[in-house]
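Data first, discussion second: the structure below is written as structure tokens.
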Amino acid sequence: MSSFRVEGGHQLNGEIIPQGAKNEALQIISAVLLTDQEVVIHKIPQIRDVLKLIDLLEDMGVEVSKNGGESCTFKAANVNLDFLNTEDFKDKASALRGSIMILGPLLSRFGTGRMPKPGGDKIGRRRLDTHFVGFQKLGAKFNYDSKTSFYTVDGTNLKGAYMLLDEASVTGTANIIMAAVMAEGLTTIYNAACEPYIQQLCKMLIRMGANIEGVGSNLLRIEGVKSLNGTEHTLLPDMIEVGSFIGMAAMTKSSLIIKDARIEELGIIPETFMRLGIKMNFKDDDIHIPAQEHYEIDSYIDGSILTIADAIWPGLTPDLLSVILVTATQARGTALIHQKMFESRLFFVDKLIDMGAQIILCDPHRATVIGLDRAYPLRGITMTSPDIRAGVSLLIAAMSAEGVSTIHNIDQIDRGYQFIDDRLNALGAKIERVG
Ligand SMILES: CC(=O)N[C@H]1[C@@H](OP(=O)(O)OP(=O)(O)OC[C@H]2O[C@@H](n3ccc(=O)[nH]c3=O)[C@H](O)[C@@H]2O)O[C@H](CO)[C@@H](O)[C@@H]1O
Ligand SMILES: C=C(OP(=O)(O)O)C(=O)O
């Protein structure tokens, strides 16, 4: 288990380019299974989850060639479905959450698919009902074997259907779209997730020959086609990385330029950090966060305390609330952080409290942060990262703290942040990878 040894108190200065988006990559790479033709994908982030998914696809018989840079060509001409029955498949597919999205393409193209309970962060209940109810609506048979923990879906003649999703699940929507693109007739998905990554998936599928209307809305109409062609696709910059860098710059009093951020795809993210009092300049597609000694949390028009809560897109992504929470600890003012979707994502605040932050964990979903306005710096401590976004938040806290911190279990951070130590050290951070 590797750790980071972080010497706090160093300001960063310079430019950083966000990696390709982790959660888009997992959808897009799964979609290569939909065609026997070549699919070229650019800006693939070199992070654990994505590399594990690519490895899994290779084991299934997908040809993967690296084109140099961050681009790969995938060709799923000879998929070996027998691999799905091996122990190796069980181990590899259960190692990440995103692997669940190979199920829709497998069902669509081969009429069958199986998947062990997927991994991913233990951040609360993460049910998969929406995925399977959607497949069932298209005519697939679903089975869960509790002894082997395997989900199985079967159905060779999927038929388009109307469905109103019980929740706008992101991976669920992606999976159902991929199952529906080659089902016979019209599928209507209401209450679909509509964030930019889903839009990107739809745009790619349309380039492959799919017939999808309503992209960007929560009502998708998909008219099934017989087969899909190859295509070329470039991933968006990772919006969670962009948000993490904004919070990091503010906490460490750094002047940072986030290059090519695709600002128009970031939704409410920049605005949310601005409500914490963080100044930002936008030039072309770059975001400049100037070095700021102080930043002050906004209140509502009636003077009441600001609440920052997650919501389905175009609301705020839950994946940034941990970063926002840590950033608020050094602001002037108070904020209530309300993590509505997941029930175990705020427990990491006990580490921030140990570092000297003033936080009241009201219940598993809500924490009140009383900003210190830098009057008392955080202190370096030894801690363990419980999940990917808490991990990066602890890294930000450690970078801003007085003294040295050690963060264990940084595999969690590596799951979603590419060469993060090297990239930040190049800007002036002092992060050492140990073990
Ligand atoms: C690989 C991947 O892409 N992972 C992301 C994906 O996970 P994932 O697709 O697994 O998350 P879902 O969108 O299915 O749901 C997330 C959680 O929110 C709850 N929920 C969801 C919809 C809703 O209307 N109400 C509600 O309460 C669900 O019950 C679940 O507990 O989307 C999450 C929500 O943006 C992100 O945190 C994950 O990083
Ligand atoms: C929770 C996340 O990822 P996953 O769904 O892969 O666990 C995340 O990216 O913040």
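FYI, side chains are in, hydrogens and waters are out, and symmetry mates aren't considered; it's all heavy atoms of this structure.
In this structure Asp82 satisfies the side-chain contact (heavy atoms from CB on, under 4.5 Å) test together with Asn80, sequence neighbours excluded. Qualifying ring pair (Phe, Tyr, Trp, His ring centres under 6.0 Å) partners for Phe342, counting only residues two or more places apart in sequence or in other chains: none.
Across Leu12 and Ala429, no two heavy atoms sit closer than the pair CD2-N, 3.5 Å.
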Can you list, pair by pair, the side-chain donor-acceptor contacts under 3.5 Å of residues 315-325, counting residues two or more places apart and other chains?
{"unit_1": "Thr317", "atom_1": "OG1", "unit_2": "Asp319", "atom_2": "N", "d": "3.0"}
{"unit_1": "Asp319", "atom_1": "OD1", "unit_2": "Arg345", "atom_2": "NH1", "d": "2.9"}
{"unit_1": "Asp319", "atom_1": "OD1", "unit_2": "Arg345", "atom_2": "NH2", "d": "3.0"}

For residues 132-145, which side-chain donor-acceptor pairs fall under 3.5 Å, sequence neighbours excluded?
{"unit_1": "Asp145", "atom_1": "OD1", "unit_2": "Lys147", "atom_2": "N", "d": "2.9"}
{"unit_1": "Asp145", "atom_1": "OD1", "unit_2": "Thr148", "atom_2": "N", "d": "3.4"}
{"unit_1": "Asp145", "atom_1": "OD2", "unit_2": "Thr148", "atom_2": "OG1", "d": "3.4"}

Side-chain donor-acceptor contacts of residues 27-42 below 3.5 Å, not counting sequence neighbours, with atom names and distances?
{"unit_1": "Ser30", "atom_1": "OG", "unit_2": "Leu26", "atom_2": "O", "d": "2.7"}
{"unit_1": "Thr35", "atom_1": "OG1", "unit_2": "Gln37", "atom_2": "N", "d": "3.0"}
{"unit_1": "Thr35", "atom_1": "OG1", "unit_2": "Leu228", "atom_2": "O", "d": "2.9"}
{"unit_1": "Gln37", "atom_1": "OE1", "unit_2": "Gly230", "atom_2": "N", "d": "3.0"}
{"unit_1": "His42", "atom_1": "ND1", "unit_2": "Ser71", "atom_2": "OG", "d": "3.3"}
{"unit_1": "His42", "atom_1": "NE2", "unit_2": "Glu232", "atom_2": "OE2", "d": "2.8"}

With a cut-off of 3.5 Å and sequence neighbours excluded, list every side-chain donor-acceptor pair involving residues 280-289.
{"unit_1": "Asn281", "atom_1": "ND2", "unit_2": "His288", "atom_2": "ND1", "d": "3.4"}
{"unit_1": "Asp285", "atom_1": "OD1", "unit_2": "Arg262", "atom_2": "N", "d": "3.3"}
{"unit_1": "Asp285", "atom_1": "OD1", "unit_2": "Ile263", "atom_2": "N", "d": "2.9"}
{"unit_1": "Asp285", "atom_1": "OD2", "unit_2": "Arg262", "atom_2": "N", "d": "3.2"}
{"unit_1": "Asp286", "atom_1": "OD1", "unit_2": "Asp260", "atom_2": "N", "d": "3.0"}
{"unit_1": "Asp286", "atom_1": "OD2", "unit_2": "Lys259", "atom_2": "NZ", "d": "2.8"}
{"unit_1": "His288", "atom_1": "NE2", "unit_2": "Ser255", "atom_2": "OG", "d": "3.2"}

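Sorted by first and then second residue, the ring-ring contact (aromatic ring centres under 6.0 Å, His included) pairs with a member in residues 61-87 read Phe83-Phe89; sequence neighbours excluded. For residues 156-166, every residue pair satisfying the side chain to side chain donor-acceptor pair (under 3.5 Å) rule, not counting sequence neighbours, is listed here: Arg127-Asp166, Thr130-Asp166. Note on residues 188-233: no pairs pass ring-ring contact (aromatic ring centres under 6.0 Å, His included), not counting sequence neighbours. Screening residues 174-185 for side chain to side chain donor-acceptor pair (under 3.5 Å) gives His131-Asn175 as the qualifying pairs, with residues at least two apart or on separate chains. Sorted by first and then second residue, the salt bridge (Lys or Arg N to Asp or Glu O under 4.0 Å) pairs involving residues 106-117 (not counting sequence neighbours) form an empty list. For the salt bridge (Lys or Arg N to Asp or Glu O under 4.0 Å) condition, the pairs that include at least one residue of residues 194-222, sequence neighbours left out, are Glu213-Arg221.
A heavy-atom distance below 4.5 Å is not found between the side chains of Asp422 and Ile431. Proximity of Phe348 to Asp387: side-chain heavy atoms (C-beta onward) are nowhere separated by under 4.5 Å. Asp310 is listed as a side-chain neighbour of Gln339, based on a closest heavy-atom distance under 4.5 Å. When side chains are defined from C-beta on, Leu84 counts as touching Met60, because their heavy atoms get closer than 4.5 Å. Two residues are said to be in side-chain contact when any heavy atoms from C-beta on lie closer than 4.5 Å; Val215 and Ile206 meet this criterion. At a threshold of 4.5 Å between non-hydrogen side-chain atoms, the residues Thr406 and Phe4 do not count as touching. Residues Lys92 and Asp59 meet the side-chain proximity criterion, which asks for heavy atoms closer than 4.5 Å.
More than 12 heavy atoms of other residues, nucleotides or ligands lie within 6.0 Å of CG in Leu164, so this atom counts as buried by the packing criterion.
Taking the charged nitrogens against the carboxylate oxygens, Asp363 and Arg366 do have a contact shorter than 4.0 Å, which makes a salt bridge.
Considering Pro116, Ser149, Pro118 in turn, Pro116 is the only one that fulfils the side chain to side chain contact (heavy atoms under 4.5 Å, CB included) rule with Ser94. When each of Lys430, Arg433, Arg5 is tested with Asp421 by the rule side-chain hydrogen bond (donor to acceptor under 3.5 Å, both in side chains), just one qualifies, namely Arg433. Considering Arg423, Lys22, Arg389 in turn, Arg423 is the only one that fulfils the salt bridge (charged side-chain N to carboxylate O under 4.0 Å, His left out) rule with Glu241.
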Inset, instruction - List the steps, then state whether side-chain contact (heavy atoms from CB on, under 4.5 Å) holds for Asp55 with Leu53. - result: CA-CA 5 Å; Asp55 186 37; Leu53 180 61; over 6 Å; no
Inset, instruction - Check the pair Ile176, Leu165 against side-chain contact (heavy atoms from CB on, under 4.5 Å), reporting the backbone distance first and the verdict last. - result: CA-CA 10 Å; Ile176 297 168; Leu165 305 188; 3.7 Å; yes
Inset, instruction - May I have the step-by-step check of side chain to side chain donor-acceptor pair (under 3.5 Å) for Gln418 and Glu70, ending in yes or no? - result: CA-CA 12 Å; Gln418 164 172 301; Glu70 296 172 321; 3.2 Å; yes
Inset, instruction - Could you walk me through whether Leu424 and Leu395 pass the side-chain contact (heavy atoms from CB on, under 4.5 Å) test, one step at a time? - result: CA-CA 11 Å; Leu424 297 178; Leu395 177 63; 4.2 Å; yes
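To the nearest 0.5 Å, atom CG of residue Asp49 and atom OG of residue Ser99 are 9.0 Å apart.
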